[in-house]
Q: 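Just passing along the structure, written as structure tokens.
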Amino acid sequence: MTSTELKTQTSSPVRMKNLSKIFPTQAGETEHVAVHYIDLEIEAGSMVTLLGPSGCGKTTTLRMVAGFEYPTTGTIEIGNDMVTTTAPNKRDVSMVFQSYALFPHLTVFENVAYGLKIKGMAKKEVQQKVASILDLMHLSKFRDRAPSHLSGGQQQRVALARAVVTEPKVLLFDEPLSNLDAKLRVYMREELRRIQQRLNITSLYVTHDQVEAMAISDKVVIMNNGHIEQAGSPQEIYEDPKNQFVADFIGKADFLEAHVINVSEQVITINLEGYHLDINNRSQEKYAVGDKVHCVARPEYWYVSDHGHVKGMIQKKTYFGSFIEYEVIIKNQTIVFEDYTFKINGVYEVNDVIHLDVKPGTLRVFPYDGNY
Ligand SMILES: Nc1ncnc2c1ncn2[C@@H]1O[C@H](COP(=O)(O)OP(=O)(O)OP(=O)(O)O)[C@@H](O)[C@H]1O
């Protein structure tokens, strides 16, 4: 293989240890802890996404890995190199921005070639390498166009080509798809994941969009107030949220008030509006009989059953094409139930009384917190 062919890289992990960022006091304000002593590893060749509400510290974390901000405490390693305070251009990372940040006066080819020329690569090698990457990104036919003559999606592909052509150790994405319309976002996120996996580049991605995060990530990191609430595969985060914040932030969840009526090593039995439900006892929290708890249920885990544990009346029905969402009143609380089987099993109407059961092992309990 020549150096101009596209390689699947030997990737490097990124390790952040005890990383924090405290922005200094400004006039009239107290100092602000944007990132709060986090530990996080991005495994070699993997895609990790930072997800969380506005202001939770996602961008600041990304910028510390890029070298645009220096941490207040902690360290950042890329492979075997400690880069905590290394200048951005010396740490072998590339960043893809929401704004594309292409050079308007250069063609697509020249934009992608720029970083290689700066590195002093010979002209012939540059030609071959850029041609390979444009081919991989399905951009060859646009090579002589100016960025202004491309669509948003095409411009973002050029930005990605420019970021990966220099074979950086780490690729950083700062909400790269935010400017694209919904359909193009879906297409582009698939493209982006394909390229990241094809080139095996260790990547850190910041987004507000949880579906996007689930679709492209090996690991999703849920941040809140500068802390990591949970890091795990998309499935772990969705199916086994560690706390109320994660359960509430990812997907839909009912937070139902209930009381503990029995606790064994394996099972916590709760009383939900007079109905008794068994829940796997996997929580770190210790519960006692009489404790008030939140019982958290995902809407798609409920199903109608003649002998269902919980009886209620439908008060609202909404059609979403692939499922129907029912709001079911259970005495003083509402269970939201999404029925994906209605095209086979039939439809219920408002005021119908139904019995619901829930898929075993899918309910969670958390300590009662008036915020939910
Ligand atoms: N240069 C700065 N000086 C002072 N405070 C800052 C600075 N940059 C960010 N912050 C604050 O740090 C906190 C975290 O900001 P950050 O941009 O990392 O959040 P975010 O999760 O990326 O938010 P968003 O999703 O809105 O982009 C915010 O409260 C923000 O106001």
Side-chain angles (χ1 to χ4, degrees), residues 14-42 47-76 78 83-88 91 93-101 152 156 159 163 170-182 185 188-189 192 203-217 219-232 234 237 241-251 371:
V14 177
R15 291 194 189 88
M16 294 165 236
K17 289 192 189 135
N18 198 35
L19 197 67
S20 70
K21 180 68 186 178
I22 302 175
F23 287 109
T25 311
Q26 294 177 359
E29 289 179 17
T30 52
E31 66 176 16
H32 186 81
V33 185
V35 176
H36 199 102
Y37 308 102
I38 64 170
D39 293 320
L40 178 62
E41 174 159 355
I42 312 171
M47 173 79 107
V48 169
T49 300
L50 304 179
L51 182 66
S54 189
C56 70
K58 307 180 291 290
T59 309
T60 305
T61 304
L62 188 84
R63 287 172 59 79
M64 287 194 279
V65 179
F68 301 146
E69 300 281 359
Y70 290 147
T72 310
T73 69
T75 55
I76 303 172
I78 298 178
V83 299
T84 315
T85 53
T86 306
R91 56 173 81 185
V93 300
S94 275
M95 188 131 156
V96 181
F97 298 92
Q98 180 179 338
S99 61
Y100 320 136
Q156 195 52 295
V170 183
L171 200 50
L172 303 172
F173 294 95
D174 188 6
E175 307 223 22
L177 308 182
S178 301
N179 286 343
L180 306 178
D181 68 46
R185 277 182 87 125
M188 276 303 294
R189 76 179 186 222
L192 221 144
S203 300
L204 184 62
Y205 192 103
V206 162
T207 182
H208 275 99
D209 182 334
Q210 53 173 281
V211 177
E212 193 169 296
M214 304 277 256
I216 62 168
S217 310
K219 180 158 80 181
V220 179
V221 178
I222 309 290
M223 293 186 73
N224 180 27
N225 270 332
H227 297 268
I228 293 178
E229 296 279 359
Q230 187 171 355
I237 297 278
K242 288 282 172 283
N243 57 36
Q244 281 104 318
F245 181 85
V246 177
D248 189 35
F249 190 77
I250 292 289
N371 292 328

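Just so it is clear, the model here is predicted, and its values are computed rather than measured. In listed order, ligands and their atoms are each counted from 1.
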Q: Can you find a pair of side-chain heavy atoms, one from Ile216 and one from Thr49, that are under 4.5 Å apart?
A: yes
Q: Check for me whether Gly57 has a heavy atom closer than 4.0 Å to any atom of ligand 1.
A: yes
Q: Taking only heavy atoms of Ala34, which atoms of ligand 1 are found under 4.0 Å from at least one of them?
A: 12 (O), 13 (C), 14 (C)
Q: Holding to ring-ring contact (aromatic ring centres under 6.0 Å, His included), I want the full list of residues that pass it with Phe249, two or more places apart in sequence or in another chain.
A: Phe245
Q: Has ligand 1 got any nitrogen or oxygen that is less than 3.5 angstrom from a nitrogen or oxygen of Cys56?
A: yes
Q: Side-chain donor-acceptor pair under 3.5 Å between Gln230 and Asn243, yes or no?
A: no
Q: Using a strict 4.0 Å threshold on nitrogen-to-oxygen distance, state whether Asp209 and Arg185 make a salt bridge.
A: yes
Q: Please enumerate all residues that pass salt bridge (charged side-chain N to carboxylate O under 4.0 Å, His left out) together with Arg63, with sequence neighbours excluded.
A: Glu69
Q: Check this for me - ligand 1, Glu69, N or O atoms closer than 3.5 angstrom, yes or no?
A: no
Q: Side chain or backbone of His208 under 4.0 Å from ligand 1, or both, or neither, by non-hydrogen atoms?
A: side chain
Q: Any idea which atoms of ligand 1 are less than 4.0 Å away from a heavy-atom of His32?
A: 11 (C), 12 (O), 13 (C), 28 (C), 29 (O)
